[in-house]
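Naming convention: chains lettered A, B, ... in sequence-line order (proteins, then strands); numbering from 1 in each chain.
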Number of protein chains: 2
Amino acid sequence: MYGPMVDLDPDKVTELAEMLSIMGEPNRLRIILACLETERAVGALAVDLELSPSLVSHHLRLLRAARILKGRRAGKNVFYTAADDHVRSMVTDMTDHVMEASQSDHA
Amino acid sequence: MYGPMVDLDPDKVTELAEMLSIMGEPNRLRIILACLETERAVGALAVDLELSPSLVSHHLRLLRAARILKGRRAGKNVFYTAADDHVRSMVTDMTDHVMEASQSDHA
DNA sequence: TAAATATATGAACAATTGTTCATATATAAG
DNA sequence: CTTATATATGAACAATTGTTCATATATTTA
């Protein structure tokens with residue numbers, strides 16, 4: 001048995017939905033995972049994920065706005081990483097869950 | 001410091017992205033939360049969430065396909081709830097995170 | 001200052017997706 | 001068997017969203 005009931009206030013539901021839908025886009029999720037534990041420059045992300053720098057930048061703008069990632073400029077580069085440890089642990093929890101799920105996959 | 005690196009295999013990334021984008025639609029998230037801990041019939045969900053039964057049913061089909069919710073027919077009704085405890089704990093973790101986030105909101 | 005590199009932005013386009021409406025199926029009751 | 005209620009489904013439409021391309025801004029180096 002888990003908690004007695006899930007009664008999250010409407011604003012929080014909206015907030016969570018926004019965060020999930022932003023994280024739910026495959027390229028964005030790959031960007032998040034790529035710079036979750038280490039800082040990554042825009043260009044490096046583009047090369048590694050085989051996406052155009054423009055597309056990466058557009059996605060990064062959303063991720064920044066949602067306070068999922070943060071950017072730090074160093075010369076001509078801007079390095080991105082998780083906005084805070086809270087985001088890091090939330091994403092880590094999710095990846096843990098998908099890995100667990102595949103273990104006990106009785107399908 | 002969290003884990004040393006996030007290197008989730010591509011299939012798992014796709015799987016996680018799908019799950020997140022399905023959960024990220026506001027009405028679907030409300031449906032999930034409404035029947036996470038307790039079974040709810042389609043009609044009851046429609047009334048409570050102020051959505052048409054048809055729309056609820058369409059969303060439920062996706063949630064079923066993604067193995068997030070499962071349905072059980074009892075007479076004319078079909079009762080939905082979380083597909084398993086794994087889903088329940090994953091969603092609970094997420095709601096916990098948004099609640100924590102608002103506490104330490106230094107914005 | 002001019003050229004080169006890295007990133008960001010806006011508009012246009014393409015693709016996906018949420019919603020509605022009409023209709024179909026399932027179960028129960030008259 | 002017919003009617004009523006609950007849920008599901010398919011097609012059409014509307015809205016949102018991901019991507020591309022051209023261009024702008026920022027920073028460094030010649």
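At least one side-chain heavy atom of A:Met19 sits under 4.5 Å from a side-chain heavy atom of A:Met90.
Taking for each of A:Asn27 and A:Arg73 the nucleotide of DNA chain D with the nearest heavy atom, the 5'-most of the two is the partner of A:Asn27. Ranked by how close their nearest DNA chain C nucleotide is to the 5' end, B:Ser21 and A:Tyr80 are led by A:Tyr80.
B:His59 comes within contact range of the sugar-phosphate backbone alone, with a heavy-atom separation under 4.0 Å but no base atom that close.
Atoms CZ and CG, on A:Arg28 and A:Leu60 in that order, are 10.5 Å from each other to the nearest 0.5 Å.
Residues passing the salt bridge (charged side-chain N to carboxylate O under 4.0 Å, His left out) test with B:Asp93, sequence neighbours excluded: none.
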Task: Audit row: B:Leu49, B:Val56, side-chain contact (heavy atoms from CB on, under 4.5 Å) steps and yes/no - done: CA-CA 9 Å; B:Leu49 305 179; B:Val56 172; 5.6 Å; no
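Under the 3.5 Å distance criterion, the side-chain polar atoms of A:Ser89 are matched with a main-chain donor or acceptor of A:His86.
Residue A:Tyr80 forms a side chain to side chain donor-acceptor pair (under 3.5 Å) with just one option from A:Glu39, A:Arg64, A:Lys70, and that option is A:Arg64.
The footprint of chain A on DNA chain C, defined by a heavy-atom cutoff below 4.0 Å, extends from C:dT5 to C:dG10.
When rounded to the nearest whole Å, the span between NZ of A:Lys76 and P of D:dT27 equals 12 Å.
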